[in-house]
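Hydrogens, waters and symmetry mates play no part in the numbers below; they use all other heavy atoms, side chains included. Both counts, for ligands and for their atoms, begin at 1 and track the order of listing.
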Amino acid sequence: MRTTPGIRTAVVKPTTADLMEDAGTGLDYGTRPDRLPGLLTPTDRFFVRNHAPTPCLDARSWTLRVEGGGVRRTVRYTYDDLWRRFPLVSVVRTLECAGNRRALFGAEHGHRFGGVQWGRGAVGTAEWTGIPLRDLLEPAGLTDAAVEVMPEGLDGARARRPMPLAKALASDTLLALAMNGEILPSDHGFPARVVVSGWLGAASIKWVGRIEVSDRPLRVPWNTDDYVLTAPGRPTVPITSTPVACLVELPWPARLSPVPQTIRGRAYAGEDRVTAVDYRIDDGPWRSAALDGPDLPGVWTRWRFPWSPDPGAHVVRVRATDEHGRSQPDATPWNDLGYCHNSVLPHPVLVA
Ligand SMILES: Nc1nc2c(c(=O)[nH]1)N[C@H]1C(S)=C(S)[C@@H](COP(=O)(O)O)O[C@H]1N2
Ligand SMILES: [Mo]
């Protein structure tokens, strides 16, 4: 519900514990992995990652400006222009925060990383409807000098993150106006947000008010200090596509009854496709899980396996592999900011 004008809450939608996990910042809420009913994450439980409170913007006065050294002219769109002037497309895409599972990364290394202490819930899949970014850039007249495209948010964080021109022109890089068939909710970027398919969530700027097309590489906090992989003795690299990982649809720890049942989850691989998911119970052999699709790049795929557990304490491991043959590692190499954790997790399950 919209709050009273002038009163700001950090997150507008209800964030009750039956659907979401409070990350403890007052701004950030993860999806409960055991509350995923279908392929899409319902909007009421889609994770929220806010660097500043959700701004309540008025679509009647909102405008989007496209400008910079890489275009011939500045263009300005109203909200109405976007709906009337451009054909809309819809894509299903998974969005994962680069910091997802940071608390588990910390546990793996006996360290508390700075930043949001995410569990497994900073990932979700939605149907995004909007305008391919390339259609919005075209009227501004891209020049041969254009190299990067940087959307900028109107929130208190003034969030911005550049991408190379080629990524901005991809058919599935959108300015989204709707999510799961409804007008974009405030918390997810109303009136408009970018969706950069397969890339870390931070590239998908919410509450966009400006898009800069630059004629030189841009350096901003989100590609120099934050959202980079940095480790002693190694060059710092900005994070782009996120690594292969999977999500078990059980609470952590889980409690199950000693009856035959199906264990389910999802696996995803940034811009790529997932080709296999294997599982292991305790010290048993690795076996193949069944894949239920949709088998698309940039979209999580559903998987399942049958299990008739004996009473007692068990550990379930699940490991996904992407189309390039990259599998989830047993341990994630250290990086100072605790990003891109994708180790195979020892999921504790008590059967009683
Ligand atoms: N303007 C703005 N855009 C933003 C953010 C933000 O704080 N401000 N957070 C980013 C991060 S880090 C992530 S992971 C995604 C989360 O999108 P969601 O809240 O819709 O799940 O939004 C990104 N876009
Ligand atoms: Mo994020």
Tabulation required: pairs of a nitrogen or oxygen in ligand 1 and a protein nitrogen or oxygen under 3.5 Å; columns are atom names and distance to 0.1 Å; otherwise 'none'.
{"unit_1": "ligand 1", "atom_1": "1 (N)", "unit_2": "Asp155", "atom_2": "OD1", "d": "3.1"}
{"unit_1": "ligand 1", "atom_1": "1 (N)", "unit_2": "Asp155", "atom_2": "OD2", "d": "3.2"}
{"unit_1": "ligand 1", "atom_1": "1 (N)", "unit_2": "Lys206", "atom_2": "O", "d": "3.0"}
{"unit_1": "ligand 1", "atom_1": "3 (N)", "unit_2": "Lys206", "atom_2": "N", "d": "2.9"}
{"unit_1": "ligand 1", "atom_1": "7 (O)", "unit_2": "His51", "atom_2": "N", "d": "2.8"}
{"unit_1": "ligand 1", "atom_1": "7 (O)", "unit_2": "His51", "atom_2": "ND1", "d": "2.7"}
{"unit_1": "ligand 1", "atom_1": "8 (N)", "unit_2": "Asp155", "atom_2": "OD2", "d": "2.7"}
{"unit_1": "ligand 1", "atom_1": "9 (N)", "unit_2": "Arg49", "atom_2": "O", "d": "3.2"}
{"unit_1": "ligand 1", "atom_1": "17 (O)", "unit_2": "Arg193", "atom_2": "NH2", "d": "3.1"}
{"unit_1": "ligand 1", "atom_1": "19 (O)", "unit_2": "Arg49", "atom_2": "N", "d": "3.0"}
{"unit_1": "ligand 1", "atom_1": "19 (O)", "unit_2": "Lys206", "atom_2": "NZ", "d": "2.5"}
{"unit_1": "ligand 1", "atom_1": "20 (O)", "unit_2": "His188", "atom_2": "ND1", "d": "2.7"}
{"unit_1": "ligand 1", "atom_1": "20 (O)", "unit_2": "Arg193", "atom_2": "NH1", "d": "2.6"}
{"unit_1": "ligand 1", "atom_1": "21 (O)", "unit_2": "Phe47", "atom_2": "O", "d": "2.5"}
{"unit_1": "ligand 1", "atom_1": "22 (O)", "unit_2": "Arg193", "atom_2": "NH2", "d": "3.4"}
{"unit_1": "ligand 1", "atom_1": "24 (N)", "unit_2": "Ser204", "atom_2": "O", "d": "3.0"}

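The aromatic rings of Phe105 and Phe113 sit tilted, their planes meeting at an angle between 30° and 60°.
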For this session: Under the ring pair (Phe, Tyr, Trp, His ring centres under 6.0 Å) rule, what do Trp207 and His188 come out as? Steps first, then yes or no, please.
Result: CA-CA 8 Å; Trp207 314 295; His188 298 290; 9.0 Å; no

Compile the donor-acceptor pairs under 3.5 Å between side chains in residues 309-321 and protein atoms, sequence neighbours left out, one pair per line.
{"unit_1": "His314", "atom_1": "ND1", "unit_2": "Asp282", "atom_2": "OD2", "d": "2.6"}
{"unit_1": "His314", "atom_1": "NE2", "unit_2": "Asp310", "atom_2": "O", "d": "2.7"}
{"unit_1": "Thr321", "atom_1": "OG1", "unit_2": "Ser327", "atom_2": "OG", "d": "2.7"}

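Taking 4.0 Å as the cut-off between side-chain N and carboxylate O, Asp292 and Arg304 count as a salt-bridged pair. For the pair Lys206 and Asp155, the salt-bridge criterion is not met [side-chain N within less than 4.0 Å of a carboxylate O].
Once rounded to the nearest 0.5 Å, the distance linking OG of Ser186 with CD1 of Ile183 reads 11.5 Å.
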